[in-house]
Number of protein chains: 2
Amino acid sequence: MEYKLLLVEDDASLGYLLSEYLKMKKFSIVWVKNGNNALKILEEHQFDLCILDVMMPDMDGFNLAENINQKNSSIPFLFLTARSLKIDVLKGFSLGAVDYIRKPIDEEELVVRLNNLLYILAKKNTSQKELYKIGLYTYNPLDFELCFENENWQLTSRESELLVYLLKNKNHICKHKDILTTIWGKNDYFNRKSLNVFVTRLRKLLKNDPTIKIVNIHNQGFKLINK
Amino acid sequence: MEYKLLLVEDDASLGYLLSEYLKMKKFSIVWVKNGNNALKILEEHQFDLCILDVMMPDMDGFNLAENINQKNSSIPFLFLTARSLKIDVLKGFSLGAVDYIRKPIDEEELVVRLNNLLYILAKKNTSQKELYKIGLYTYNPLDFELCFENENWQLTSRESELLVYLLKNKNHICKHKDILTTIWGKNDYFNRKSLNVFVTRLRKLLKNDPTIKIVNIHNQGFKLINK
DNA sequence: AATATCATTAACTTTTTATTAATCTTTTTT
DNA sequence: AAAAAAGATTAATAAAAAGTTAATGATATT
């Protein structure tokens with residue numbers, strides 16, 4: 001998914017550099033050069049985050065933030081500015097900024113911080129669910145729940161660990177040694193026997209979809225196949 | 001509401017200063033001096049955020065973060081460290097940190113940043129004041145009243161807390177640890193026994209509708225099922 | 001002070017589950 | 001092709017976890 005950003009920056013060269021760099025990093029970005037244009041475009045378009053410069057002629061960044069708040073818009077914004085005094089930082093946050101980033105900042109670090117903030121902000125709204133799909137089955141590793149059409153099995157923790165390991169390496173070989181050391185903690189004769197028992201169980205659970213197979217590669221390990 | 005923080009900082013004087021200052025600022029704070037103690041206390045108590053130093057003997061902050069992630073815990077953490085190199089910042093975020101704060105930092109700014117992050121992270125825990133519906137039952141969390149057709153039971157506060165917790169996570173696993181740390185405040189042997197007693201009671205209360213089940217997931221927790 | 005309420009602790013039973021064992025099948029090596 | 005090794009399957013076992021009912025002790029109410 002592509003995040004949509006609004007960059008408000010009066011400085012032409014910095015604005016250009018930043019917007020080009022962020023485009024390169026797969027953000028969708030609109031760059032405007034003053035507060036009024038920002039307010040106008042916020043009326044018309046939806047953004048995930050606004051990046052506000054503080055020092056701008058006419059309407060400065062703090063002022064713009066106040067205007068955004070008054071419009072009762074829920075768009076998150078942050079300040080990206082050379083104004084690095086503590087009093088400015090405090091003012092920025094008190095206006096409801098989600099971050100206050102001091103210039104100059106390494107572009108790579110900026111991208112990481114932006115992605116992090118956007119991730120945090122998104123998580124707040126949608127309770128993320130991690131689901132694996134395998135053939136006609138789905139597996140929910142948080143609830144240990146394996147589903148096939150209307151049926152529903154509650155797996156145990158070991159079953160779950162092994163299934164997740166195989167799913168993560170779908171269509172690739174999982175060596176005995178690697179499975180045993182990561183899940184069982186120890187690669188020995190008895191744990192290997194145990195692994196066999198669990199493989200049998202998973203095969204039984206997955207047998208409703210004949211396109212799914214857990215195959216053994218002699219002396220190497222197992223492979224969960226579903227192409 | 002008071003936020004609960006876990007501070008992991010090996011430096012005695014800095015740890016003391018920070019924890020005292022944050023207490024003064026109305027945070028509830030637990031300070032531990034190494035990663036192992038942090039992991040131990042995270043098993044038993046619930047926190048809103050962890051503040052991790054990076055440079056610590058034995059287990060460093062990055063290492064600790066990896067351990068937290070492996071425990072599949074959803075506790076947010078940030079790094080507060082003198083390690084200010086870009087590579088460290090990127091590593092910090094890649095481990096899932098919600099922020100990376102460089103020392104030294106003005107305490108006032110730190111508090112503002114903490115409050116901001118906690119605000120962003122706070123799930124809209126819209127404390128439901130309406131009725132919960134579960135199968136043929138309704139539950140009114142304000143006056144602790146559980147209804148089934150004409151019948152009516154008055155729950156106790158613990159019963160209510162547990163039922164509400166399960167209802168909020170209907171059809172999803174509620175881990176022992178999470179139930180105990182949020183409702184009982186501590187995850188230990190005796191409280192776990194207590195939890196069992198209350199689960200039995202709720203099952204008895206809900207038995208009139210056979211489509212409702214509180215199932216145990218061995219070694220994981222409980223799940224209130226009603227699909 | 002006596003009573004009532006309720007969470008916790010205790011004592012005991014039942015269930016769950018990873019492992020080990022036993023037995024059979026397949027694959028590889030000689 | 002026979003022997004050996006590896007894997008598959010089903011069943012048995014033992015330890016840990018969960019369930020249940022009752023007793024206890026703390027707190028609030030009358």
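- Atom CD1 of B:I179 is separated from atom P of C:dA7 by 16 Å (rounded to the nearest Å).
- Residue contacts shown for B:V197 include a base, since a base heavy atom lies under 4.0 Å away.
- With sequence neighbours left out, B:F77 forms a ring-ring contact (aromatic ring centres under 6.0 Å, His included) with B:F79.
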Pairs under 3.5 angstrom only: tabulate donor-acceptor contacts from the side chains of residues 31-42 of chain B to other protein residues two or more places apart or in another chain.
unit_1	atom_1	unit_2	atom_2	d
B:W31	NE1	B:E9	O	3.0
B:N34	OD1	B:N36	N	3.1
B:N34	OD1	B:N37	N	2.9

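- With A:S194 contributing its side chain and A:F190 its backbone, the two residues share no donor-acceptor pair below 3.5 Å.
- Residue pairs that meet the ring-ring contact (aromatic ring centres under 6.0 Å, His included) test with at least one member in residues 141-169 of chain B, sequence neighbours left out, are B:Y137-B:F148.
- Every residue was checked against the ring-ring contact (aromatic ring centres under 6.0 Å, His included) condition with B:F93, not counting sequence neighbours, and none meets it.
- Contact of the B:D11 side chain with the B:D53 side chain is not registered, since no non-hydrogen atoms from C-beta on lie closer than 4.5 Å.
- Across residues 169-176 of chain B, not one residue has a non-hydrogen atom less than 4.0 Å from an atom of DNA chain C.
- Here the range on DNA chain D touched by chain A, meaning any atom under 4.0 Å from one of its heavy atoms, is D:dA6 to D:dT10.
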Give me, pair by pair, the N or O atoms of the protein and of nucleotides 12-18 of chain C that are less than 3.5 Å apart, along with how far apart they are.
unit_1	atom_1	unit_2	atom_2	d
C:dA18	OP1	A:T156	OG1	3.1
C:dA18	OP1	A:R158	N	3.4
C:dA18	OP2	A:T156	OG1	3.2

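- The distance between atom CZ of B:F144 and atom P of C:dT5, rounded to the nearest whole Å, is 16 Å.
- Residue pairs satisfying the ring-ring contact (aromatic ring centres under 6.0 Å, His included) criterion with at least one member in residues 198-227 of chain B, sequence neighbours excluded, are listed as follows: B:H176-B:F222, B:W184-B:F198.
- Looking at which nucleotide of DNA chain C each of A:F190 and B:Y189 is closest to, the 5′-most match is held by B:Y189.
- Note on residues 82-98 of chain B: pairs passing side-chain hydrogen bond (donor to acceptor under 3.5 Å, both in side chains), not counting sequence neighbours, are A:D106-B:K86, A:E108-B:K86, B:R83-B:D88.
- Remark: B:I134 CD1 to B:L163 CG distance equals 8.0 Å, nearest 0.5 Å.
- Map B:Q154 and B:N191 each onto its nearest nucleotide of DNA chain C; the residue landing nearer the 5' end is B:Q154.
- Screening residues 143-152 of chain B for side-chain hydrogen bond (donor to acceptor under 3.5 Å, both in side chains) gives B:N140-B:D143 as the qualifying pairs, with residues at least two apart or on separate chains.
- Counting heavy atoms from C-beta on, the side chains of B:L80 and B:K103 come closer than 4.5 Å.
- The distance from atom CG of A:N196 to atom P of C:dT23 is 18 Å, rounded to the nearest whole Å.
- Atom CZ in A:R203 sits roughly 12 Å away from atom C1' in C:dT25 (whole-Å rounding).
- Within residues 219-226 of chain B, the residues that place at least one heavy atom under 4.0 Å from DNA chain D are, in residue-number order, B:N219, B:F222.
- For A:F27, the ring-ring contact (aromatic ring centres under 6.0 Å, His included) test picks out no residue, with sequence neighbours left out.
- At least one donor-acceptor pair closer than 3.5 Å links the side chain of B:K4 to the backbone N or O of B:Q46.
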